Engineer: 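For reference, the structure I am asking about is given below.
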Amino acid sequence: MSDIYTRIFKVVQEIPAGRVSNYGTIAKFVGSPRGSRLVGWAMNKSHTSEEYVPAHRVVNRIGMLSGKHHFPGEDIMQQLLENEGIVVIDDQVQDFEKHFWDPMKELPEDFI
DNA sequence: AGCCTGACCTAGG
DNA sequence: TCCTAGGCCAGGC
C-alpha cells in the first residue's frame with residue numbers, strides 16, 4: 001500500500017458523521033491536486049484498510065452519490081448517510097453546501 | 001511497454 | 001443551461 005492511500009484514508013477518517021466532502025478537495029489536500037480519480041480508486045480499495053474508512057461521506061463535486069454502486073447493496077450508501085441525518089433525494093445530497101466538510105479549513109496544514 | 005479503465009473535474013461550445 | 005472532450009493519476013492486463 002503506497003503512502004498516498006494512507007494519506008487519503010487518514011483524511012477521510014477525519015470527516016465527522018453527518019458531514020460530506022468531495023474527491024477533488026481531498027485529492028488537493030493530500031498533495032495530488034489533479035488526482036481526484038485516484039481518490040475514487042482509493043475508496044474502491046478502502047475495505048482492505050485495517051481502519052474503518054467512511055467512504056460514503058465522500059461524494060462528487062455537486063453532491064451526487066456517484067459511488068453508490070460500489071457498496072455491497074442497493075442504496076446502502078444512501079442509507080448510511082440518512083442514518084447520520086443527511087437527506088438524499090435522487091442520489092443527490094440535499095443542502096450539500098451546508099453539510100460540506102473542507103479539510104483545508106478543518107484540519108491543520110501539517111496534518112499530512 | 002502500451003493501452004484501457006475509473007466512486008473526477010474543468011473549460012468551451 | 002446542458003453536453004462533450006480532454007486532462008488527470010494510478011492500477012490491471
Side-chain angles (χ1 to χ4, degrees):
Chain A
M1 199 69 93
S2 65
D3 190 50
I4 185 75
Y5 284 130
T6 314
R7 283 181 291 184
I8 292 173
F9 292 154
K10 217 169 142 191
V11 173
V12 173
Q13 282 162 6
E14 293 299 319
I15 305 176
R19 306 287 299 280
V20 291
S21 194
N22 69 48
Y23 302 98
T25 308
I26 292 172
K28 191 175 175 186
F29 188 74
V30 298
S32 181
R34 310 278 175 263
S36 44
R37 311 190 76 158
L38 173 63
V39 176
W41 186 268
M43 292 305 96
N44 203 12
K45 298 277 183 183
S46 65
H47 63 283
T48 67
S49 171
E50 301 276 329
E51 308 271 332
Y52 174 64
V53 180
H56 61 281
R57 297 186 192 134
V58 185
V59 296
N60 72 5
R61 85 195 138 117
I62 58 174
M64 209 156 51
L65 310 194
S66 42
K68 62 175 291 190
H69 299 304
H70 296 268
F71 282 80
E74 203 59 35
D75 294 327
I76 292 291
M77 185 176 187
Q78 173 169 344
Q79 286 170 23
L80 288 170
L81 289 171
E82 288 178 337
N83 286 344
E84 299 178 355
I86 292 177
V87 181
V88 179
I89 298 173
D90 250 0
D91 298 342
Q92 172 75 41
V93 174
Q94 304 300 299
D95 294 319
F96 179 56
E97 306 82 11
K98 206 189 288 183
H99 296 295
F100 184 68
W101 181 86
D102 188 354
M104 308 288 283
K105 294 175 184 169
E106 309 283 351
L107 294 178
E109 199 148 319
D110 59 353
F111 178 79
I112 301 175

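Since the model is a prediction, treat every value here as computed from it, not as a measurement. Within every chain, numbering begins at 1; the chains are lettered A, B, ... in the order of the sequence lines, protein sequences first and strands thereafter.
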Engineer: Working to the nearest 0.5 angstrom, can you tell me the gap between A:Thr25 OG1 and A:Trp101 CH2?
Structural biologist: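 It comes to 10.0 Å.
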
Engineer: If the plane angle is over 60° it's perpendicular, under 30° parallel, otherwise tilted; pick one for A:Tyr52 and A:His56.
Structural biologist: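 Ring orientation of A:Tyr52 relative to A:His56: tilted.
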
Engineer: Take atom CE of A:Met43 and atom P of C:dG11, then tell me their distance rounded to the nearest Å.
Structural biologist: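 Nearest whole value for this atom pair: 14 Å.
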
Engineer: Tell me whether the side-chain N/O atoms of A:Lys45 come closer than 4.0 Å to OP1 or OP2 in C:dG12.
Structural biologist: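 Result: yes.
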
Engineer: Which is true for A:Ala55 with a 4.0 Å heavy-atom rule: it touches a base, it touches only sugar-phosphate, or it touches nothing?
Structural biologist: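 Contact class for A:Ala55: base.
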
Engineer: Which of these nucleotides, B:dA7, C:dG11, B:dC9, is closest to any side-chain atom of A:Asn22?
Structural biologist: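 Taking heavy atoms from C-beta onward, the closest nucleotide is B:dC9.
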
Engineer: For the side chain of A:Arg34 and the base of C:dG7, is some donor closer than 3.5 Å to an acceptor across the two?
Structural biologist: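 Donor-acceptor pair under 3.5 Å: no.
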
Engineer: Take atom CD1 of A:Ile4 and atom P of C:dG11, then tell me their distance rounded to the nearest Å.
Structural biologist: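 Result: 10 Å.
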
Engineer: Over 60° means perpendicular and under 30° means parallel, so tell me whether A:Phe29 and A:Phe111 are parallel, tilted or perpendicular.
Structural biologist: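 Plane angle between 30° and 60°, so tilted.
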
Engineer: To the nearest angstrom, how far is A:Arg37 atom CZ from C:dA10 atom P?
Structural biologist: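 Atom-to-atom, A:Arg37 to C:dA10, this comes out as 13 Å.
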
Engineer: Please give, in whole Å, the distance from B:dC9 P to A:Lys28 NZ?
Structural biologist: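 One finds 13 Å between P of B:dC9 and NZ of A:Lys28, rounded.
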
Engineer: Check for a donor-acceptor pair, side chain of A:Glu51 on one end and backbone N or O of A:Lys10 on the other, with a separation under 3.5 Å.
Structural biologist: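 Checking the backbone N and O of A:Lys10 against the side chain of A:Glu51, no donor-acceptor pair under 3.5 Å is found.
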
Engineer: Can you measure A:Tyr23 atom OH to B:dC9 atom P for me and round it to whole angstrom units?
Structural biologist: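 Going from A:Tyr23 (OH) to B:dC9 (P), I get 8 Å.
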
Engineer: Does any nucleotide pair with C:dA10 by Watson-Crick or G-U wobble geometry, both distances under 3.5 Å, and what is it?
Structural biologist: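 Pair assignment: C:dA10 / B:dT5.
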
Engineer: What is the distance, rounded to the nearest whole Å, between atom CD1 of A:Ile8 and atom C1' of B:dA7?
Structural biologist: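 Going from CD1 in A:Ile8 over to C1' in B:dA7 covers 12 Å.
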
Engineer: Should A:Ser66 be listed as having a side-chain N or O under 4.0 Å from OP1 or OP2 of B:dC8?
Structural biologist: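 Answer yes for this pair, as a side-chain N or O of A:Ser66 is under 4.0 Å from OP1 or OP2.
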
